[in-house]
Every structure is written in C-alpha cells, then in structure tokens.
Amino acid sequence: MSRLVVISNRLADPRKSAAGGLAVALGDALARTGGLWFGWSGTVTPDGTPGEGALQTHQAGNVTLATVDLCQADHAAYYQGYANSVLWPVLHYRLDLADFSANYSEGYRRVNQMFARKLLPLLREDDVIWVHDYHLIPLAAELRALGCRQRIGFFLHVPVPPPLILAALPQHEWLMRSFFAYDLVGLQSEADVVHFTRYMVNEAHAQELDGQRLRAFNATVRVAAFPIGIDVQEFQRLGRAPDAVQTCEALRAEYSRRQLLLGIDRLDYSKGIPHRVRAFRQLLERYPENEHSATLVMIASPSRDDVHAYADLRQELEGLCGAINGDYGDLDWMPLRYIHRTVARKRVPGLCRAARVGLVTPLRDGMNLVAKEYVVAQEPEDPGVLVLSRFAGAAEQLKEALLVNPYDTQGMADAIQTALRMPLSERQWRHERLMERIRRHDVHWWRNSFLQALRDEAAPPATAPAGAVAAT
Ligand SMILES: O=P(O)(O)OC[C@H]1O[C@H](O[C@H]2O[C@H](CO)[C@@H](O)[C@H](O)[C@H]2O)[C@H](O)[C@@H](O)[C@@H]1O
Ligand SMILES: O=c1ccn([C@@H]2O[C@H](COP(=O)(O)OP(=O)(O)O)[C@@H](O)[C@H]2O)c(=O)[nH]1
C-alpha cells in the first residue's frame, strides 16, 4: 500500500485535540492510515532569510510530522498577507475586505516554492500526495517543476465564489492555471464545483471532457465534491468522557431555569457572529417571553489577530454584546455570555449537548464542522435543534436543520423562536434524519472516497504541464 503524504499549512499532533476544522479532520484522517504530514510548524522566527526555513521532523504515533518555520517576512506576506488578506476574503465573497498588496503574492509564491524544495527529498516514488487548502494552491505546480511525478490531489476547504468574483483577483489567471498541475481537485459542495467549472470554462477556456474532467494548458484535471465529515464514533466517545459529561452537567445545573443557545466559532467575519447577535436581540424584542430565559453562550475562539479585519470584528462584537446585556440584562440574568477564548475540544460535545439550540449562521463557510458536531452531541431522546445558515457548505447535506438566511435578522429571530418552541416529536424526527446523513458521509468516507478517486486517476505525465508554473 502506498504511503499517504498530507500537506497543509496548519498541522496538529494527531494524538492531541485542536481548534480549527482542517486540523481536526486531518488529524482524524491520518491517525487511521499513518503517513507523513508536512506543513508550517506554527513558529515565526523573528529574523531569518525569506524563502528559507528550518525543517524539523518528529514522530507522533504512526504519523511523521515534518514542519518548516517561517521567518517574519514570509509569515506576513504568505499567511497574514496573501492567504488571509487576499484569498480568504475573496473566496468568502468579500472583495471589500481584500488587500491586494503586490508583495503578498510574491511571498505566497516564495513560500510555496520553499515548501516544494523542502518536501521533495522526503518523498518516495509510490507516495500518494494530498495537498490542502488555499495557502498551497500552487504547490503541485512547484513540485512538478522540480520533477515530482507522483499522483497529487488537492482539497479546498473553503468556498469557491462565482467566476467574476474570482476574476477580481489580480493574479487569478496564474493561480487558477496552477490547479491543472493536480490530478484531482476536491471541493466541499456541488455549488463550489459549478462555480469552479464555470470559471475554468469561461475564463481559462477549458474544455469539459465529461461530467468531472476539465482540459486546458495541455493537462486534464478531475474536479468533484467531497463534503468533509467528522469522526462520529470518536466524537461520541469524547461526549461520554468525564470532561464532556462534567461540562454538560455544570451548564445544565447553572441554567436549569433557562433555555440555552450556543455558538462556537473562530472569531472570523465569515462566521456571521454580529448578525447572530442582532438576530438574538430581535428575538428578545419580538418574543418577550424569552426574557429571563433564553441565554446565548457564544464561544469566539481567537483567530488571525494581526489581520486588520479581525481586530475590527472583535471591537464591533464587544460593542454589540455589551449593548445587549446592558439593555436586557437583569440582576439575575444576562442574556449573552461572550467568551473570546478557545474551548478545549474535549469540552465541545458537553457544551453542545447542554444547548437547546445550536446556532451555526456563517455568511459563507466551506463546510462548518461545528454544525455536524452539534447534531452528533445531542441525546436522541431529547435532542436540541440546529439553526443553520443556508450559506454554509453543510447546508447542502443537512436539509433537516432549520435553514436561515443570516442577513435576514427578523427571519433568523423567527427561526430561533421556532427552534425554542419545537415539539419533541419534530426534534426527534429531524435529529434522526440529520444523524443518518452525518454518519453516511463521515470523515472516513471523505478520506477514502477522495483517496480512491485519486488512486483511480492515471499516473501523471513525466513532465510538468506546459506553462503550469507561469510567472506572476
Ligand atoms: O489555520 P487558521 O488560520 O488558524 O484557521 C483555521 C482553519 O480555518 C479554515 O477551516 C476550513 O476547514 C474546515 C474543514 O474542512 C471547514 O469546515 C471550514 O468551513 C473552513 O473554514 C481554513 O480553511 C483552514 O485552512 C484553517 O486551518
Ligand atoms: O473554541 C473552540 C472553537 C472551535 N473548536 C473546534 O474547531 C473546529 C472548527 O471547525 P469548523 O469547520 O466549524 O470551522 P473553521 O474554524 O475550520 O473555519 C470544530 O471541530 C470545533 O469543535 C474548538 O475545539 N474549540
């Protein structure tokens, strides 16, 4: 059996828990098969030469972790810059938040080239290589330019916007062309596949060979949706462990006279957190019977603090949360508990189980694993209700959630009220259907179906596709 090599910007020790869906899912996927996991160490060295970083390897169970440090300049241009100030906003439909500084794209390319150089000597001939996410789109092209011939697949964890939004990226031609150095491109949803294909046909003049293959630049790439899932059994096991049980019991005791609503997100503008707070305020205004009862616990895990848009969001949110507590709070009740800290993963199932309503209301999200975790954490005899944004990738699968438009404050308040009042039989019916879907497409299905599709693709050509590494 060939070895699996996973490459992602963010790594986690697969034996430990991590915040952030990608690290959680890849940790779960790799722990099963073993293999090599390559990426950024998470360390930023204060000095150092751009495009150079020390490589360290260590063993974590059956997984070898190989990581590279980034110097300050590379971290600023590649991670904070091109990845999180250009690609992240554009891919989440937020051109208004993108900062198209020229040195970002140079840094992005420089780090991808460095990763390719560091990784190449670690590769074996029959490795299957799986690259993850928007930080590393040009990596296969850089590897091919160095002579790498192994099969390479790519999975994008974030959404693909419509072609004309992508075309606003000053380097879109170069970036999108580099997808043709992969054998297989996996996306989160069918909507993403439609947008990706339309871009390639309209802007890159690609030819659609069959339902899943695109041809351009003298190369063929297969594109399909592989919606990411969670490890259901592992999450249920976590839910039965003492940390989760204690968390749930403590919350239930504290809120025995209240109805608990829960949001867990990274503090990210894509997650629609201020919109959720406004909808909660509207709930209290329109349905006053919820006063002294409905209580929203909002965990906002710190994320990408050094990027301006994230600091602005934090300020906005603190203002909104303070106002709601000031206007509606009483001596014996605060409507909103806003926690700007990461909650340990082992406590997440307990938090979810204690909440009558799970609020997952992003403005755009590749998938959103919290939506699936919330459902799995529920007790089937008395389950809570998931209120889910129709703009999360998860909404394509989780049709029995209460689907909402997060921009519609009143509609969202009405949906929360429906969730709070939903009879037991309907809650059970919805929960059962959601569980079926989450079980069928779990993280093992995701990994196996992607890797099977990658193995099914013919071995790539001996040379790089002509011009695949076109200069910026
Ligand atoms: O690594 P960070 O910059 O700290 O950010 C954390 C991760 O955020 C994004 O996660 C995405 O992947 C999830 C799993 O597929 C998906 O459910 C979610 O919708 C996405 O937003 C990002 O794509 C990862 O690269 C980051 O590591
Ligand atoms: O304080 C926190 C916040 C989030 N998470 C976990 O981080 C992941 C977030 O993944 P998701 O796909 O929802 O969003 P992302 O942050 O990757 O965009 C989920 O497994 C959460 O349970 C966590 O353990 N603690």
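Ligands are counted one by one from 1 in listed order, and the atoms in each one are counted from 1 as well. This chain uses plain numbering: 1 for the first residue, then up along the sequence.
By heavy-atom distance, the residue among R304, H132, R364 lying nearest atom 26 (C) of ligand 1 is R304. For atom 23 (O) of ligand 1, the nearest non-hydrogen atom from the set D133, L369, N9, L91 belongs to D133.
Atoms of ligand 1 found under 4.0 Å from any heavy atom of V158, numbered from 1 in the order shown, are 23 (O). When each atom of ligand 2 is checked for a heavy atom of I299 under 4.0 Å away, the hits are 1 (O). Listed by number with element, the atoms of ligand 2 under 4.0 angstrom from any heavy atom of S301 are 1 (O), 3 (C). Heavy-atom contacts of G366 reach the following atoms of ligand 1: 19 (O) (cutoff under 4.0 Å). Atoms of ligand 1 found under 4.0 Å from any heavy atom of Y79 (numbered from 1 in listed order, with element): 2 (P), 3 (O), 4 (O). Using a 4.0 Å cut-off to heavy atoms of W88, the atoms of ligand 1 that qualify are 9 (C), 21 (O), 22 (C), 23 (O). Close contacts of ligand 1 with H135, meaning ligand atoms under 4.0 Å from a residue heavy atom, involve 25 (O). In the vicinity of H157, heavy-atom distances shorter than 4.0 Å reach the ligand 1 atoms 11 (C), 12 (O), 14 (C), 15 (O), 20 (C), 23 (O). Of all the atoms in ligand 2, the ones that sit under 4.0 Å from a non-hydrogen atom of R266 are 15 (P), 16 (O), 18 (O). Residue contact check: Q188 has heavy atoms under 4.0 Å from atoms 15 (O), 16 (C) of ligand 1. Close contacts of ligand 2 with E373, meaning ligand atoms under 4.0 Å from a residue heavy atom, involve 19 (C), 20 (O), 21 (C), 22 (O).
Not a single N or O atom of I228, backbone or side chain, sits closer than 3.5 Å to an N or O atom of ligand 1. Some N or O of R266 is nearer than 3.5 Å to an N or O of ligand 1, by distance alone. Considering both main-chain and side-chain atoms, M367 comes within under 3.5 Å of ligand 1 through a nitrogen or oxygen pair. Looking at ligand 1, you'll find an N or O of R10 within less than 3.5 Å of one of its N or O atoms. Annotation: Y134 places no N or O atom under 3.5 Å from an N or O atom of ligand 1; distance criterion only. Where the criterion is an N or O separation shorter than 3.5 Å, residue side chain and backbone included, N368 meets it with respect to ligand 1. Annotation: L369 places an N or O atom under 3.5 Å from an N or O atom of ligand 2; distance criterion only.
At a 4.0 Å heavy-atom cut-off, ligand 2 touches R345 through backbone and side chain alike. For V343, heavy-atom contacts with ligand 2 shorter than 4.0 Å involve the backbone as well as the side chain. Contact annotation for M367 and ligand 2: no heavy atom of the residue comes within less than 4.0 Å of the ligand. Contact annotation: for V348 versus ligand 2, heavy atoms closer than 4.0 Å belong to the side chain alone.
Heavy-atom contacts from other residues, nucleotides or ligands closer than 6.0 Å to CZ of R347 number 12 or fewer. The environment of R252 atom CZ is dense: over 12 non-hydrogen atoms of other residues, nucleotides or ligands sit within 6.0 angstrom. Atom CD of E254 is surrounded by more than 12 heavy atoms from other residues, nucleotides or ligands within 6.0 Å. Within 6.0 Å of atom CD in E318, more than 12 heavy atoms from other residues, nucleotides or ligands are found, so the atom counts as buried in its surroundings. The environment of H340 atom NE2 is dense: over 12 non-hydrogen atoms of other residues, nucleotides or ligands sit within 6.0 angstrom.
Taking a cutoff of 4.0 Å between a charged side-chain nitrogen and a carboxylate oxygen, R356 and D382 qualify as a salt bridge. Between E203 and R198 there is no salt bridge, since none of the side-chain N atoms of the basic residue sits less than 4.0 Å from a carboxylate O of the acidic one. A salt bridge between R222 and E457 is present, with a side-chain N of the basic residue lying under 4.0 Å from a carboxylate O of the acidic one.
Under the 6.0 Å cut-off for aromatic ring centres, H157 and F155 qualify, their centroids lying closer than that. A ring-centre distance under 6.0 Å is found for H75 and W40.
Relative ring orientation between F115 and Y78 is described as perpendicular, the plane-to-plane angle rising above 60° on a 0-90° scale split at 30° and 60°. Ring geometry for W446 against H132 counts as tilted: the plane angle lies between 30° and 60°, on a 0 to 90° scale.
Pairing each heavy atom of F235 with each of A377, the nearest pair is CE2-CB, 4.1 Å.
Counting only N and O atoms by type, the side chains of Y108 and N103 include no donor and acceptor under 3.5 Å apart. At a cut-off of 3.5 Å, with distance as the only test, a side-chain donor of N368 or D365 sits close to an acceptor on the other residue.
Residue contact check for ligand 2: K271 places a non-hydrogen atom closer than 4.0 Å to it.
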